[in-house]
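Side chains are part of it too, since the values below use all heavy atoms of this structure and drop only hydrogens, waters and symmetry mates. Predicted model only: the values in this text are computed from it and were never measured.
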Amino acid sequence: MKLYYLPGTSSLFPHIVLFESGLSFAAVRVNGRTKTLENGGDYRAVNPLGYVPALQVEDGSVLTETVAIAQYVADRVPAMKLAPPNGTFDRARLQSWLNFISSEMHLGCFCPLFDGEIPLPVKAIFRRRLDNRLAHVEQHLLQRTYLLGDDFSIADVYLFVVSNWARSVALDLSPYPGLLALRKRVGTRPAAQVAMRSENLITGCR
């Protein structure tokens, strides 16, 4: 398998999950500006939209979208229990959290804060919205170790990756000790450490 990634972006999510899985894969870096690969190839031949991540499997088929890739990888190694079994209520709960993180935090709040064309007063609206979402997560984690309770899952990895962007937008996470505790649990896992080092990212978990 090949994972096409850009350091520090949402592709870190499946990157960590792949290391968690123990499956063999190659990580291929994409130039975010030119959409070229390290060998000079055009990444748009892999994903015509040009964004990461993309996972190319053994038969050459390509899967895109972080949530789909992470679940596909988790399902290939059921013994690792990275995701509850398909068809169970716990799997639906996992998908609920993955959708929440994707739509309400990743795309719905963080992405606008990185957009240089959005004026500051509008970004303030997204910051307030993000505070609301983070407060919801914090309340959920008051009596839980992970998003699904006592069991680590790929949803925790996604939350770790998305909340890792707080530094880049000067967002203080100190009001959310439950989230910070989860970040520490996930960020100190060997798979997260290896993935972040391979992307030359800071491995601290504050």
Side-chain angles (χ1 to χ4, degrees), residues 3-17 30 32-33 47 49-54 64-71 74 83 92-149 152-187 189 192 195-196 199 201-206:
L3 175 72
Y4 294 87
Y5 79 100
L6 179 62
T9 66
S10 62
S11 57
L12 178 61
F13 172 28
H15 204 171
I16 294 173
V17 173
V30 177
R33 183 177 58 83
N47 181 1
L49 291 173
Y51 60 71
V52 295
T64 60
E65 306 302 328
T66 54
V67 168
I69 293 170
Q71 289 183 90
R93 289 174 58 234
L94 171 75
Q95 292 167 333
S96 176
W97 276 111
L98 292 172
N99 288 337
F100 175 83
I101 297 166
S102 176
S103 62
E104 298 295 328
M105 298 180 70
H106 176 178
L107 297 173
C109 292
F110 271 108
C111 281
L113 299 181
F114 285 106
D115 192 327
E117 296 183 0
I118 295 180
L120 291 179
V122 178
K123 287 186 177 182
I125 296 173
F126 288 107
R127 282 184 177 274
R128 290 194 295 271
R129 184 178 296 173
L130 181 56
D131 285 337
N132 177 270
R133 275 48 172 179
L134 290 170
H136 171 70
V137 170
E138 181 67 20
Q139 182 66 30
H140 178 78
L141 290 172
L142 283 178
Q143 304 298 325
R144 296 173 178 86
T145 304
Y146 296 107
L147 287 173
L148 297 187
F152 168 79
S153 75
I154 59 173
D156 302 302
V157 178
Y158 197 11
L159 181 59
F160 170 80
V161 169
V162 169
S163 62
N164 214 42
W165 301 332
R167 292 188 186 94
S168 301
V169 296
L171 175 65
D172 180 16
L173 294 180
S174 62
Y176 311 107
L179 172 60
L180 289 175
L182 182 142
R183 283 183 47 75
K184 185 174 183 179
R185 293 185 195 103
V186 176
R189 292 176 70 91
M196 293 184 75
E199 295 192 13
L201 300 174
I202 298 172
T203 56
C205 305
R206 60 181 174 86

A.B. asks: Working to the nearest 0.5 angstrom, can you tell me the gap between Ser163 OG and Leu173 CG?
C.D. replies: 6.5 Å
A.B. asks: Rounded at 0.5 Å granularity, tell me how far CG in Leu94 sits from OG in Ser153.
C.D. replies: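 Leu94 atom CG to Ser153 atom OG measures 5.0 Å (nearest 0.5 Å).
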A.B. asks: Any idea which heavy atoms bring Ile101 and Ala155 closest together, and the distance?
C.D. replies: CD1-O, 3.6 Å
A.B. asks: On the 0 to 90° scale, with breaks at 30° and 60°, tag the Tyr158-Phe13 ring pair as parallel, tilted or perpendicular.
C.D. replies: parallel
A.B. asks: Could you check if a side-chain atom of Trp97 sits within less than 4.5 angstrom of a side-chain atom of Val137, using non-hydrogen atoms only?
C.D. replies: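 Of all side-chain heavy-atom pairs linking Val137 with Trp97, at least one is under 4.5 Å.
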A.B. asks: Check whether any side-chain heavy atom of Leu142 sits under 4.5 Å from a side-chain heavy atom of Gln139, and report yes or no.
C.D. replies: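 Heavy-atom side-chain distance check passes, below 4.5 Å.
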A.B. asks: Does a side-chain heavy-atom distance below 4.5 Å link Thr64 with Leu49?
C.D. replies: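 Thr64 vs Leu49: side chains apart.
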A.B. asks: At what distance, to the nearest 0.5 angstrom, does OH of Tyr5 lie from CG of Leu12?
C.D. replies: 10.5 Å
A.B. asks: Assess the side chains of Arg185 and Thr145: does a donor N or O sit below 3.5 Å from an acceptor N or O?
C.D. replies: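 The criterion, which ignores hydrogens and geometry beyond distance, is not satisfied for Thr145 and Arg185.
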A.B. asks: Between Phe114 and Ser168, is there a side-chain heavy-atom distance shorter than 4.5 Å?
C.D. replies: yes
A.B. asks: Hey, what do you get for CG (Asp131) to CZ (Arg133), rounding to the nearest 0.5 Å?
C.D. replies: 10.5 Å
A.B. asks: Are His15 and Val161 close enough that some pair of their side-chain heavy atoms sits under 4.5 Å apart?
C.D. replies: no
A.B. asks: Does Arg144 reach the side chain of Leu182, with side-chain heavy atoms less than 4.5 Å apart?
C.D. replies: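 Of all side-chain heavy-atom pairs linking Leu182 with Arg144, none is under 4.5 Å.
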A.B. asks: Are His106 and Cys111 close enough that some pair of their side-chain heavy atoms sits under 4.5 Å apart?
C.D. replies: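 A side-chain contact exists here, since the closest heavy-atom pair is under 4.5 Å.
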A.B. asks: To the closest 0.5 Å, what do you measure between CG (Leu147) and CD1 (Ile154)?
C.D. replies: 11.0 Å
A.B. asks: At what distance, to the nearest 0.5 angstrom, does CD1 of Ile16 lie from CD of Glu199?
C.D. replies: 8.0 Å
A.B. asks: So if I apply the side-chain contact (heavy atoms from CB on, under 4.5 Å) rule between Val52 and each of Leu3, Val30, Thr66, Asn47, which one comes out positive?
C.D. replies: Val30
A.B. asks: Kindly give the heavy-atom pair with the smallest separation between Cys109 and Arg129, and that separation in Å.
C.D. replies: SG-CG, 3.6 Å
A.B. asks: Taking the side chain as everything from C-beta on, heavy atoms only, tell me whether Tyr51 gets closer than 4.5 Å to Ser11.
C.D. replies: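 Tyr51 vs Ser11: side chains apart.
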A.B. asks: Indicate yes or no for a side-chain donor-acceptor contact from Asn164 to the backbone of Phe160 under 3.5 Å, with no hydrogens or angles considered.
C.D. replies: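 No: the side chain of Asn164 does not pair with the backbone of Phe160.
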A.B. asks: Are any side-chain N or O atoms of Ser102 and backbone N or O atoms of Leu98, one a donor and one an acceptor, separated by less than 3.5 Å?
C.D. replies: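 Absent.
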A.B. asks: For Thr9, is there any backbone N or O sitting under 3.5 Å from a side-chain donor or acceptor partner on Trp165?
C.D. replies: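 Looks like no, no N/O pair under 3.5 Å.
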